[in-house]
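Just so it is clear, the model here is predicted, and its values are computed rather than measured. If you read the sequence from its start, that first residue is 1, and numbering goes on from there.
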Amino acid sequence: QYRVGQLYTISKHSHQESEKGEGVEVVKNEPHEDPVHGPGQFTEKRVHLSSKLPSWARAVTPRIFYITEKAWNYYPYTITADSHSLQCSFLPKFSIYIETKYEDNCGDSENIFHSDKILGDHEVSFLDIAFDEIPERYYRSLEDPRFFSSAKTGRGPLREGWRQHTKPIMCSYKLVSVKFEVWGLQTRVEQFVHKVIRDILLIGHRQAFAWVDEWCGMTMEEVRRYEQETQEATNELIGLVA
């Protein structure tokens, strides 16, 4: 169910957040076979976000700016690598690398990633989709897990302590590495990226929960068809960017 809900939510959210010249443009979305992880899906996206950057970042970026995101989804394991586009030569040392693993538990797996992948200083953050705050401009009462109740599944609302007693439950574990080696901006950029990733995760998972009655019962074939149709509509909405 989570796999279907994740694909549905990403497609719908990307379409909602897109407008002329801004949003998530899907370049590739195709099956991919890995010798270790088996069959999966490869996606390449361009995230156009000039107007969504803070003022200090807009001051040093070109008017037309996008991040290239490549992802290999071998559910329940996913690799996401973000790299600056060729048009962003002013950020030659900026990269984001994310590994994701999903498990049917409440977040109590302490060593889900191999320890040798965690180098140097690192921070562990626990995100609660019901009680952690999100930016006010993204808040929707109908998408608040504290108030939402599913007509199809009977799930929700989520109360204090829900992680310890709610079934079924899924946890998304993410190992995030951010590199930005530009003197004077490194700390500010890394803190900004951390906040953006945190907000995206919270908003996306809140929506996946609140939209459950829309995607619950869909097959993988149906959600892939919805994904294709939505991506085509989103690309058309964004339009060609010179």
Distance check, rounded to the nearest 0.5 Å: [X] atom [atom1] versus [Y] atom [atom2]?
| X | Y | atom1 | atom2 | answer |
| --- | --- | --- | --- | --- |
| Arg206 | Leu158 | CZ | CG | 10.0 Å |
| Thr100 | Lys174 | OG1 | NZ | 3.0 Å |
| Thr9 | Tyr2 | OG1 | OH | 8.5 Å |
| Ile134 | Leu127 | CD1 | CG | 12.5 Å |
| Glu229 | Glu227 | CD | CD | 11.0 Å |
| Phe42 | Lys70 | CZ | NZ | 5.5 Å |

When you look at His194 and Ser125, which way does the side-chain contact (heavy atoms from CB on, under 4.5 Å) test go after all the steps? CA-CA 10 Å; His194 179 274; Ser125 300; 4.0 Å; yes
Grouping I, L, V, M, F, W and Y whenever their side-chain heavy atoms are under 4.5 Å apart, do [X] and [Y] come out in a common cluster?
| X | Y | result |
| --- | --- | --- |
| Phe126 | Tyr102 | no |
| Trp211 | Ile129 | yes |
| Leu201 | Ile10 | no |
| Leu7 | Val4 | yes |
| Val223 | Tyr74 | no |

Please test Tyr173 against Phe113 for ring pair (Phe, Tyr, Trp, His ring centres under 6.0 Å), starting from the C-alpha separation and ending with a verdict. CA-CA 9 Å; Tyr173 294 85; Phe113 296 104; 7.2 Å; no
Heavy-atom closest contact ([X] atom, [Y] atom, distance):
| X | Y | answer |
| --- | --- | --- |
| Ala81 | Tyr97 | CB-CD1, 4.3 Å |
| Arg155 | Pro168 | NH2-CG, 3.8 Å |
| Glu222 | Thr219 | OE1-N, 2.9 Å |
| Trp215 | Ala208 | NE1-O, 2.9 Å |
| His205 | Ser172 | NE2-CB, 3.8 Å |

Measure up the Phe209 and Phe148 rings against each other and bin them: parallel (under 30°), tilted (30 to 60°), perpendicular (over 60°). perpendicular
Relative to the ring of Trp72, is the ring of His32 parallel (under 30°), tilted (30 to 60°) or perpendicular (over 60°)? perpendicular
Judged by atom type as modelled, is there a donor-acceptor pair below 3.5 Å linking the side chain of [X] to the main-chain atoms of [Y]?
| X | Y | result |
| --- | --- | --- |
| Ser150 | Thr153 | yes |
| Asp199 | Pro135 | no |
| Lys152 | Val212 | no |
| Asp104 | Met170 | no |
| Asn73 | Gln41 | no |
| His15 | Ser11 | no |
| Thr166 | Ile169 | no |

Residues Arg224 and Glu221 bridged, charged N to O under 4.0 Å: no
Can you list the residues that meet the side-chain hydrogen bond (donor to acceptor under 3.5 Å, both in side chains) rule with Gln231, with sequence neighbours excluded? Asn29
Who are the side-chain hydrogen bond (donor to acceptor under 3.5 Å, both in side chains) partners of Tyr139, not counting sequence neighbours? Asp144
Ile96 pairs by side-chain contact (heavy atoms from CB on, under 4.5 Å) with which of Val196, Val193, Thr80? Val193
Give the C-alpha distance, both sets of side-chain angles, the deciding distance and a yes or no for side-chain contact (heavy atoms from CB on, under 4.5 Å) between Ile197 and Val176. CA-CA 9 Å; Ile197 293 176; Val176 182; 3.7 Å; yes
Trace of the side chain to side chain donor-acceptor pair (under 3.5 Å) decision for Glu143 with Tyr138: CA-CA 10 Å; Glu143 297 172 0; Tyr138 292 113; over 6 Å; no
Side chains of [X] and [Y]: closer than 4.5 Å at any heavy-atom pair?
| X | Y | answer |
| --- | --- | --- |
| Arg46 | Val24 | no |
| Lys101 | Pro76 | no |
| Glu103 | Cys171 | no |

Set out, in order, the CA-CA distance, both residues' side-chain angles and the distance that settles salt bridge (charged side-chain N to carboxylate O under 4.0 Å, His left out) for Glu214 and Lys12, then state yes or no. CA-CA 11 Å; Glu214 299 177 29; Lys12 181 176 177 177; 2.8 Å; yes
Val26 vs Glu44, side-chain contact (heavy atoms from CB on, under 4.5 Å): CA-CA, chis, key distance, verdict: CA-CA 6 Å; Val26 180; Glu44 180 178 343; over 6 Å; no
Just wondering, more than 12 heavy atoms not from Glu33 lying within 6.0 Å of its CD? yes
Verdict with reasoning, Tyr8 to His13, per side chain to side chain donor-acceptor pair (under 3.5 Å): CA-CA 9 Å; Tyr8 179 91; His13 177 82; over 6 Å; no
